[in-house]
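To keep things clear, I will list the structure first and then write my remarks on it.
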Protein chains: 2
Amino acid sequence: METRELRYFVAVAEESHFGRAAERLGIAQPALSRAVQKMERRLGTPLFVRSGRTVSLTAAGTVLLDEGRHALAAVAAADRRTRRAAPDGRPGLALVAKAGVSVELLAKLLDAYAAEPDAAEVEVILAGLEPGEPERMLRDGRADVALLVADGHVLGGLDHEDIATEGRMVVLPAGHPLAARATMTVDELPALPRPCWPEDGLEVRDGTQLLQLIALGRAFSVLPESSRPALPAGVVAVPLAGASPVVTRIAWPSHSRSLAVAALVRVATRL
Amino acid sequence: METRELRYFVAVAEESHFGRAAERLGIAQPALSRAVQKMERRLGTPLFVRSGRTVSLTAAGTVLLDEGRHALAAVAAADRRTRRAAPDGRPGLALVAKAGVSVELLAKLLDAYAAEPDAAEVEVILAGLEPGEPERMLRDGRADVALLVADGHVLGGLDHEDIATEGRMVVLPAGHPLAARATMTVDELPALPRPCWPEDGLEVRDGTQLLQLIALGRAFSVLPESSRPALPAGVVAVPLAGASPVVTRIAWPSHSRSLAVAALVRVATRL
DNA sequence: TACACTTACGATTGACGTAAGCATC
DNA sequence: GATGCTTACGTCAATCGTAAGTGTA
């Protein structure tokens, strides 16, 4: 099975339509039809049910869609990581930081790693808000290591190590009645007005907007303690007792044998 | 990057020789040379250092060998699992049992699973002695689940669940001075004569030979308690105190979304 | 000089696009 | 009758094998 065929199959499966898939792939529709037929002949089983003018996956097709995506991700990873290992001046390590991780922690990690002997150049990628995006990037080779906030989600195929634990704090307008409190408990939270966002992390782009809203008395929020230096004037942070701690962890593909990744992980666990 | 190219590259990398690799691939040597050159051109980096009459990997080549093998395994897995999902009478689930797991436990698992509603047909594969072979079979799709004995080795990319724990016993010739003991400790083991094999598991084919050797007074062994029913006349088993327990676990690819695998794992954890 | 990778060239295979066919809604 | 997958056919690109070339031990 060639990767080109897998790409063709996945396109048809995702579109449930040969015509649209062909357009997406930039080829004519008959070529796509033939390619899928060839796969079905070689696999000895139909992948699609063509009933009338609808196309749907068979059981075998469902399996191939799942496994094929993983295979394509693995091929893409091989390509990207090979290019990254090219011996010119480009970065040798791609680190993806999920939105919500402490910028201070990231900076500390990068500094500590850069001080190591034989440290590779590190390209830092900031992931968007989509859940699972850093994991996807590790799998398809766009990144080699990820810095993320533990959210109970299982990381299939990835190894990880917790590197920092911190408390949470409530961020309030400076004039709020509770702003003078030395500490608050989670039981007191429901009494506060909406919106309460974000629960688990601070999204970089809109984070400042949120803080402005708080300063204006239009919102409050719960953030990790490490966000305290980033707070503007007009807001107050009160430590929150009884809340689950925010755990930052470093993750990497469990099959990784990169020395650079190993060194970065070692540095991270010793921060 | 096409899988054909990856296969070509891996062959050359493994042989360190274009000629032998071409022979192994069943193609002429110049075709192989051209294919690798094409990959190097597209990746923008050399993969091999051709110095005189020796061929060796560059740093980028080393990365591609590692990642490429994973990608090829993923493609092979996609192929095999799709064929296995074909809707005819073939088995829907391939279980690999590592040498050393209790046959009784395996039988109990298969019986319990077969009693489940919508149970798939299970093809049982007995793996050889090579360490890591069941893991490889899970990765390249020859198997969907594995039954193995925990050996401290990390299972990269695999999820697992412990399903049985048992003690160990010392197997001695019936006439041995220690055969009458009700129990032994690990401290007493070094006093016994060689060979002491196997440490962690009973290999099926040669296991009977080992037991015959013990009956003849030429050896002894340490086996899991579950092997007791398989002992022939002429040997005696003495429980071993203080030894690390034998843990049998079930493992599967962490990205598996197969309902059949999930059902089998659920049954296994409830044994 | 022999071994081993590369370049050159002609042949074959296979993938593609256009056009016609055929079934379903 | 229109939509949409399939079959037919001619074209083009890619891969392959044989043969000649080049460079090192």
Side-chain angles (χ1 to χ4, degrees), chain A residues 1-62 64-65 68 71-72 75 79 87, chain B residues 1-62 64-65 68 71-72 75 78-79:
Chain A
M1 216 159 25
E2 294 301 314
T3 63
R4 178 182 48 81
E5 297 179 298
L6 276 177
R7 272 190 294 270
Y8 287 5
F9 166 77
V10 170
V12 176
E14 287 180 348
E15 300 283 351
S16 291
H17 193 285
F18 280 78
R20 282 194 298 272
E23 192 181 2
R24 198 175 102 183
L25 292 165
I27 62 172
Q29 185 267 345
L32 184 54
S33 198
R34 280 190 302 252
V36 172
Q37 282 174 29
K38 195 168 189 173
M39 292 179 76
E40 292 176 314
R41 226 175 308 131
R42 276 203 303 245
L43 288 168
T45 176
L47 297 168
F48 294 104
V49 181
R50 291 97 157 156
S51 61
R53 61 180 60 182
T54 63
V55 172
S56 59
L57 285 169
T58 62
T62 307
L64 185 58
L65 176 57
L72 288 177
V75 172
D79 187 298
Chain B
M1 216 159 24
E2 294 301 314
T3 63
R4 178 182 50 81
E5 297 179 298
L6 275 178
R7 273 189 294 269
Y8 286 5
F9 165 76
V10 170
V12 176
E14 287 180 349
E15 299 284 349
S16 290
H17 193 286
F18 280 77
R20 283 194 297 272
E23 192 180 3
R24 199 175 102 183
L25 292 166
I27 63 172
Q29 184 268 345
L32 184 53
S33 199
R34 280 191 302 254
V36 171
Q37 281 174 29
K38 195 168 189 172
M39 293 180 75
E40 291 176 314
R41 226 175 308 131
R42 276 203 303 249
L43 288 168
T45 176
L47 297 169
F48 294 104
V49 181
R50 292 95 157 157
S51 62
R53 60 180 60 182
T54 63
V55 172
S56 59
L57 284 169
T58 62
T62 306
L64 185 57
L65 177 58
L72 287 177
V75 172
D79 187 298

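Chain A is the first sequence line, chain B the second, and so forth, proteins listed ahead of strands; every chain is numbered from 1. Side chains are part of it too, since the values below use all heavy atoms of this structure and drop only hydrogens, waters and symmetry mates.
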For the pair made of [atom1] in [X] and [atom2] in [N], what is the distance, rounded to whole Å?
{"X": "B/Glu23", "N": "D/dG17", "atom1": "CD", "atom2": "C1'", "answer": "16 Å"}
{"X": "A/Leu32", "N": "D/dC5", "atom1": "CG", "atom2": "P", "answer": "9 Å"}
{"X": "B/Gln29", "N": "C/dT6", "atom1": "CD", "atom2": "P", "answer": "7 Å"}
{"X": "A/Glu2", "N": "C/dG14", "atom1": "CD", "atom2": "P", "answer": "12 Å"}
{"X": "B/Ile27", "N": "D/dA14", "atom1": "CD1", "atom2": "C1'", "answer": "14 Å"}
{"X": "B/Arg7", "N": "D/dT15", "atom1": "CZ", "atom2": "P", "answer": "13 Å"}
{"X": "B/Arg20", "N": "C/dC3", "atom1": "CZ", "atom2": "P", "answer": "13 Å"}
{"X": "A/Tyr8", "N": "D/dC5", "atom1": "OH", "atom2": "P", "answer": "16 Å"}

How far apart are the C-alpha atoms of A/Val49 and A/Val55, what are their side-chain angles, what is the distance that settles it, and do they pass the side-chain contact (heavy atoms from CB on, under 4.5 Å) test? CA-CA 6 Å; A/Val49 181; A/Val55 172; over 6 Å; no

When you match A/Ser51 and B/Val55 each to their closest nucleotide on DNA chain C, which lands nearer the 5' end?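 The residue whose closest nucleotide sits nearer the 5' end is B/Val55.
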
Rounded to the nearest 0.5 Å, what's the gap from CD on B/Glu2 to CZ on A/Arg7? Could you check?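 If we round to the nearest 0.5 Å, B/Glu2:CD and A/Arg7:CZ are 5.5 Å apart.
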
Rounded to the nearest 0.5 Å, what separation is found between the CD atom of B/Gln37 and the CZ atom of B/Arg50?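 The CD atom of B/Gln37 sits 6.0 Å away from the CZ atom of B/Arg50.
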
Check whether any side-chain heavy atom of B/Met1 lies under 4.5 Å from a side-chain heavy atom of B/Leu64, and answer yes or no.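 Result yes, sub-4.5 Å side-chain heavy-atom pair found.
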
State, with a plain yes or no, whether a side-chain heavy atom of A/Leu57 is found less than 4.5 Å away from one of A/Leu47. no

Answer yes or no: is there an ion pair linking A/Arg20 with A/Glu14, defined by an N-O contact shorter than 4.0 Å?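 Result for this pair is no, no salt bridge flagged.
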
State whether B/Glu5 and B/Lys38 are salt-bridged, where the test is any N-O pair (Lys NZ or Arg NE/NH1/NH2 against Asp/Glu carboxylate O) under 4.0 Å.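 Here B/Glu5 does not pair with B/Lys38 in a salt bridge, since their nearest N and O are not under 4.0 Å apart.
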
Relative to the 5' end of DNA chain D, which residue comes earlier, B/Pro30 or A/Phe18, by the nucleotide with the nearest heavy atom?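 It is A/Phe18, whose closest nucleotide lies nearer the 5' terminus.
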
Phosphate OP1/OP2 of C/dA23 contacted by A/Arg53 side-chain N/O (<4.0 Å):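 No, because none of the side-chain N or O atoms of A/Arg53 sits under 4.0 Å from OP1 or OP2 of C/dA23.
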
Closest nucleotide among C/dG17, D/dG4, C/dC5 to the B/Arg50 side chain: C/dC5

Can you sort out which residues in residues 34-42 of chain B have a heavy atom within less than 4.0 Å of DNA chain C? Ascending by number, please.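 By residue number: B/Arg34, B/Gln37.
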
Over its full length, what angle do the end axes of the helix from C/dT1-D/dA25 to C/dC25-D/dG1 make, each axis taken from five pairs and the result rounded to 10 degrees? 30°

Angle class for the B/Phe18/B/Phe48 ring planes (parallel below 30°, perpendicular above 60°, tilted otherwise)? perpendicular

Which part of the nucleic acid, if any, lies within contact of A/Phe48, taking any heavy atom under 4.0 Å across all strands shown: a base, the sugar-phosphate backbone alone, or nothing? nothing

Got a sec: does the CD of B/Glu40 have more than 12 other heavy atoms crowding it under 6.0 Å? yes

